[in-house]
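Report on the structure given below.
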Amino acid sequence: MNNIMIGRFVPGDSFIHRLDPRTKMIGTFVYILVLLWANSWATYAWAAIFVLGLIRLTGQPFKLYWDGLKPIFWLILFTVILQLIFTPGTPVLYQLGPIKITTPGLINAVYVMLRFILIILMSTILTLTTPPTSIANALEMLLGPLKKLRVPVAELALMLSIALRFVPLLMDETQKIMNAQKSRGMSFSTGGPIKRAKAIIPLLIPLFVGALQRALDLANAMEVRGFKDAVQRTKYRVLHYGHNDMLAFVGLGVFVVIFAIVNLYL
């Protein structure tokens, strides 16, 4: 539970921390979009070098990001296996009945694994260096033009902010409930699948009740403070682009140009 990095913010004063959240969101979106075009080892190597350089600029240990990959290891492994056994082609490296492992399947499996890891690392950089409220404000400003189409941008940004804030809280609450149940003799890691499934019930019920109570408390707090939807509100912290953001956009442009050259000629 402690390894889940979604919604967690680690304070710092690095170059990445000082960037405008809009810059980081745009950079993350562009990076993911460009990475989907990668089709060679050279492009993935360049994308990995870029992400590792950003991690170094955050001033945070790489182990923190590596630990964030552990909770979704099985999802990555499952996706890799699907690519490995369902990608047709020749030559066939191994065959067991109708299941064939081919060279294109092996290459695609490795590419998918690298793509998953790099996208998660880039997203983790965004969440670890940006407070959830700043992410919500940046999203609201970036989606501002959609207000003319009557899209509830402010409400969507508020929902995102609440979701990002509640994810680590729910994870911490889950860990506390698990520790309390273990102190009473409950085991979550022994027995067969049915026994383990039954052991989750004493965990889900208090977690569900606690989440509802938190939601009610938040709703009451917002109502007491006079919150109303569809009302234009001012911002306590106004976002401004600075010199660091210009440097970041230049670096992003250099990454895209080099990626395009490597993708076309290597």
Side-chain angles (χ1 to χ4, degrees), residues 1-12 14-17 19 21 24-87 105-132 134-135 160 163-176 178-179 188-189 196 200 203 207 248 251-252 255 259:
M1 290 297 175
N2 293 330
N3 291 331
I4 297 178
M5 297 300 170
I6 299 176
R8 294 189 183 274
F9 167 65
V10 179
S14 67
F15 176 82
I16 304 297
H17 281 82
L19 291 177
K24 288 182 274 190
M25 291 191 69
I26 294 173
T28 301
F29 176 78
V30 172
Y31 179 86
I32 294 175
L33 185 63
V34 169
L35 188 61
L36 296 178
W37 294 342
N39 58 6
S40 66
W41 298 106
T43 52
Y44 280 103
W46 171 238
I49 292 173
F50 184 76
V51 165
L52 293 176
L54 292 180
I55 292 176
R56 184 65 181 271
L57 289 177
T58 63
Q60 297 166 345
F62 180 76
K63 185 179 182 301
L64 184 65
Y65 295 86
W66 180 253
D67 290 340
L69 291 172
K70 293 180 180 179
I72 58 174
F73 169 77
W74 294 110
L75 175 61
I76 297 176
L77 181 61
F78 177 72
T79 307
V80 168
I81 292 175
L82 290 181
Q83 290 289 328
L84 191 62
I85 64 178
F86 288 110
T87 301
L106 180 61
I107 295 176
N108 285 338
V110 176
Y111 283 175
V112 168
M113 180 185 67
L114 292 175
R115 189 175 298 170
F116 257 104
I117 292 175
L118 293 176
I119 289 177
I120 293 169
L121 289 177
M122 190 67 178
S123 303
T124 305
I125 292 174
L126 172 65
T127 56
L128 286 183
T129 61
T130 314
S134 297
I135 294 178
L160 175 64
L164 290 175
R165 184 67 185 93
F166 267 60
V167 167
L169 287 177
L170 291 178
M171 295 301 102
D172 294 339
E173 188 70 20
T174 302
Q175 190 63 54
K176 292 179 182 178
M178 289 179 65
N179 293 336
F188 297 96
S189 58
R196 293 188 182 186
I200 297 178
L203 175 65
L207 181 64
L252 181 63
F255 163 75
F259 184 93

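Keep in mind that this is a model prediction, so the values were computed, not measured.
Annotation: the span from Thr43 atom OG1 to Trp37 atom CH2 amounts to 12.5 Å, rounded to 0.5 Å. In this structure, Ile55 CD1 and Met122 CE are separated by 9.5 Å, a value rounded to the nearest 0.5 Å. From Leu54, atom CG reaches atom OG1 of Thr28 across 8.5 Å, with rounding to the nearest 0.5 Å. Note that the CG atom of Leu126 and the CG atom of Leu19 stand 11.0 Å from one another [nearest 0.5 Å]. Here CD of Gln60 is found 5.5 Å from CG of Leu128. Values are rounded to the nearest 0.5 Å. Once rounded to the nearest 0.5 Å, the distance linking OH of Tyr65 with OG1 of Thr124 reads 7.5 Å.
Ring-plane geometry between Tyr111 and Trp41 is classed as perpendicular, the angle between the planes exceeding 60 degrees on a 0 to 90 degree scale with a lower cut at 30.
The side-chain contact (heavy atoms from CB on, under 4.5 Å) with Ile125 is formed by just one residue from the set Thr58, Thr130, Ile120; it is Thr58.
In terms of heavy atoms, Tyr31 sits closest to Leu118 at OH-CB, 3.7 Å. In terms of heavy-atom proximity, Ile76 sits nearest to Met113 at CG2-CG, 4.0 Å. Nearest heavy-atom pair, Leu69 versus Ile117, reported as atom, atom and distance to 0.1 Å: CD1-CG2, 3.9 Å. Ser14 approaches Gly59 most closely through the heavy-atom pair CB-N, 4.3 Å. Contact record, Leu203 with Thr174: CD1-O, 3.8 Å, taken as the closest heavy-atom pair. Of all heavy-atom pairs between Phe255 and Ala47, the closest is CE1-CA, 4.0 Å.
With hydrogens and angles ignored, the 3.5 Å screen pairs no side-chain donor or acceptor of Thr87 with any backbone N or O of Leu84.
Heavy atoms of other residues, nucleotides or ligands lying less than 6.0 angstrom from CH2 of Trp66 number 12 at most. By the 6.0 Å contact criterion, CZ on Phe62 is enclosed, its count of non-hydrogen atoms from other residues, nucleotides or ligands being greater than 12.
No side-chain heavy atom of Phe15 sits under 4.5 Å from any side-chain heavy atom of Arg56. A heavy-atom distance below 4.5 Å is found between the side chains of Arg115 and Leu36. Side-chain contact between Ile72 and Phe116 is absent, with no heavy-atom pair separated by less than 4.5 Å.
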